[in-house]
Amino acid sequence: MSAKILDGKQIAKDYRQGLKEQVESLQEKGYTPKLSVILVGNDGASLSYVKSKKKAAEKIGIISEIVHLDEDTSENEVLNELERLNKDDSVSGILVQVPLPEQVNEQKVLEAIDPAKDVDGFHPANIGKLYIDEQTFVPCTPLGVMELLDHADIDLEGKNAVVIGRSHIVGQPVSKLLLQKNATVTILHSRTKDMHSHLKDADVIVSAVGQPGLVTKEDVKEGAVVIDVGNTPDDNGKLKGDVAYEEVKEIAGAITPVPGGVGPMTITMVLNNTLLAEKMRRGIK
Ligand code: GUN
């Protein structure tokens with residue numbers, strides 16, 4: 001049986017329509033959400049990612065600005081920009097695109113974002129809240145993954161969920177979100193012995209390592225839901241996921257393509273969190 005394709009592009013489109021309506025209702029109350037993105041340097045992938053976020057924001061009525069700083073900008077200058085945006089009452093949400101050039105300490109910068117404007121959910125205060133199940137900003141890719149799982153019609157309670165990758169941006173927070181849904185969660189990483197022995201009983205697989213072809217049909221149980229967070233450009237610049245899509249889709253119950261799976265959902269969740277930031281500071285539910 002061929003898997004249900006979790007069409008991130010379409011799911012994102014529908015979700016953004018709902019967000020657009022919420023933005024309109026906020027505007028009727030006199031509030032317009034604004035997203036400010038800091039980009040340091042000229043990395044091609046980061047630049048196109050940041051432009052996509054701006055375009056998507058504007059399409060649903062969120063004001064968006066890119067603060068584009070030179071590659072050789074000092075850490076202090078980045079911190080000064082952040083302080084300005086933290087204080088600027090017109091700004092609802094702030095996002096600093098990573099990676100940053102080596103002269104800028106990434107952690108120091110992320111910790112300088114006002115936690116109430118931290119739409120990426122990277123500030124330690126927000127990470128801490130996530131881990132004690134308090135409402136907070138949740139990193140956007142993990143949020144997008146959970147939304148896709150919702151569309152897979154799977155009740156996660158008691159299911160075996162296996163996450164490949166333990167990054168702070170994806171692997172660890174998505175594991176926490178799966179745990180909140182009462183899944184039994186296993187995290188695999190570069191030191192894991194015998195990955196296959198863990199994957200073969202997985203009802204849900206979330207792969208987020210950036211290693212094309214890592215997950216093959218031999219790894220996947222019949223009917224499992226497979227979410228592919230990998231997006232590694234090949235020699236022709238074409239994005240490749242971690243999962244051997246063509247063969248795995250023949251046995252999985254549901255699967256995300258790359259591109260067009262998790263990617264559009266990540267951007268959608270940036271918009272979601274910007275709207276949430278605006279609502280929270282205005283005391284609107
Ligand atoms: N670089 C790659 N992914 C992300 C993300 O989700 N947020 C930010 N700020 N930078 C990134």
Side-chain angles (χ1 to χ4, degrees), residues 15 19 22-23 26 31 33-40 46 49-50 53 56-57 62 64-65 67 75 78-79 81-100 104-150 163 165-181 183 185 187 206 208 229 262 265-285:
Y15 197 101
L19 292 178
Q22 290 182 58
V23 171
L26 264 183
Y31 306 127
K34 178 173 171 183
L35 172 67
S36 294
V37 179
I38 295 186
L39 172 67
V40 188
S46 291
Y49 195 39
V50 159
K53 287 177 197 172
I62 293 177
S64 176
E65 66 169 350
V67 179
E75 184 178 288
V78 178
L79 292 172
E81 274 304 320
L82 266 180
E83 200 182 326
R84 180 180 69 78
L85 296 173
N86 282 342
K87 284 187 185 146
D88 185 340
D89 194 50
S90 75
V91 174
S92 334
I94 303 170
L95 189 154
V96 179
Q97 188 67 23
V98 295
L100 290 163
V104 184
N105 182 318
E106 189 169 301
Q107 201 50 36
K108 205 166 163 188
V109 165
L110 296 179
E111 290 183 22
I113 300 174
D114 178 351
K117 295 188 177 186
D118 172 34
V119 291
D120 251 332
F122 290 170
H123 191 286
N126 288 325
I127 296 171
K129 281 186 178 176
L130 173 64
Y131 281 83
I132 55 168
D133 302 314
E134 265 190 38
Q135 209 222 341
T136 185
F137 295 110
V138 177
C140 300
T141 299
L143 260 190
V145 167
M146 297 310 285
E147 190 59 33
L148 286 167
L149 284 174
D150 220 42
V163 176
R166 55 176 159 177
S167 71
H168 292 150
I169 296 186
V170 186
Q172 295 200 41
V174 85
S175 301
K176 176 61 191 173
L177 296 176
L178 288 162
L179 197 57
Q180 283 180 347
K181 295 283 181 192
V185 184
I187 305 178
V206 178
V229 186
V262 175
M265 295 307 294
T266 297
I267 296 182
T268 303
M269 294 305 140
V270 174
L271 310 180
N272 179 76
N273 285 356
T274 305
L275 184 63
L276 178 67
E278 180 63 18
K279 281 185 175 174
M280 275 166 51
R281 72 190 185 130
R282 305 297 179 198
I284 296 167
K285 285 220 186 300

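For this chain, numbers begin at 1 and follow the sequence in order. Predicted model only: the values in this text are computed from it and were never measured.
Side chain of Glu65 to backbone of Ser36: no donor-acceptor contact under 3.5 angstrom is found.
A pairwise comparison of heavy atoms in Gln135 and Lys129 identifies O-CD, 4.0 Å as the closest pair. The nearest pair of heavy atoms linking Val229 to Ala208 is CB-CB, 3.7 Å. Considering all non-hydrogen atoms of both residues, Leu130 and Thr136 come closest at N-CG2, 3.7 Å. Between Val163 and Gly165, the shortest heavy-atom distance links the atoms CG1-O, 3.6 Å. Heavy-atom minimum distance, Tyr31 versus Glu278: CB-OE2, 3.4 Å. In terms of heavy-atom proximity, Gly121 sits nearest to Ile127 at O-CG1, 3.7 Å.
Looking at Pro33 and Lys279, their side chains never come closer than 4.5 Å, going by heavy atoms from C-beta outward. You'll find the side chain of Phe122 stays beyond 4.5 Å of the side chain of Val96, heavy atoms only. Residues Val138 and Gln180 fail the side-chain proximity criterion, which asks for heavy atoms closer than 4.5 Å. A heavy-atom distance below 4.5 Å is found between the side chains of Leu149 and Leu178.
A distance of 11.0 Å separates CD of Glu111 from CD of Glu106, quoted to the nearest 0.5 Å. Distance check: Leu39 CG to Leu95 CG gives 10.5 Å after rounding to the nearest 0.5 Å. The structure places CD1 of Ile38 at 4.0 Å from CG of Leu82, a figure rounded to the nearest 0.5 Å. Between atom CG of residue Asp120 and atom OG1 of residue Thr266 there is a gap of 10.0 Å, rounded to the nearest 0.5 Å. In this structure, the separation between CG on Leu143 and CZ on Phe137 is 11.0 Å, given to the nearest 0.5 Å. The structure places CG of Asn272 at 9.0 Å from OG1 of Thr268, a figure rounded to the nearest 0.5 Å.
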Where do Ile94 and Asp118 land on the side chain to side chain contact (heavy atoms under 4.5 Å, CB included) test, with the steps shown first? CA-CA 6 Å; Ile94 303 170; Asp118 172 34; over 6 Å; no
Could you give me the CA-CA distance, side-chain angles and deciding distance for Val119 and Met269, then say whether side chain to side chain contact (heavy atoms under 4.5 Å, CB included) is met? CA-CA 9 Å; Val119 291; Met269 294 305 140; over 6 Å; no
Side chain to side chain contact (heavy atoms under 4.5 Å, CB included) for Leu85 and Lys117? Distances and angles first, verdict last. CA-CA 9 Å; Leu85 296 173; Lys117 295 188 177 186; 5.9 Å; no
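Ser175 pairs in a side chain to side chain contact (heavy atoms under 4.5 Å, CB included) with only one of the listed residues (Val185, Val170, Val206), which is Val185.
A salt bridge between Asp133 and Lys176 is present, with a side-chain N of the basic residue lying under 4.0 Å from a carboxylate O of the acidic one. Using a cutoff of 4.0 Å between basic side-chain nitrogens and carboxylate oxygens, Arg281 and Asp89 are scored as salt-bridged.
Under the 3.5 Å distance criterion, with hydrogens and angles disregarded, no donor-acceptor pair is assigned to the side chains of Thr274 and Ser92.
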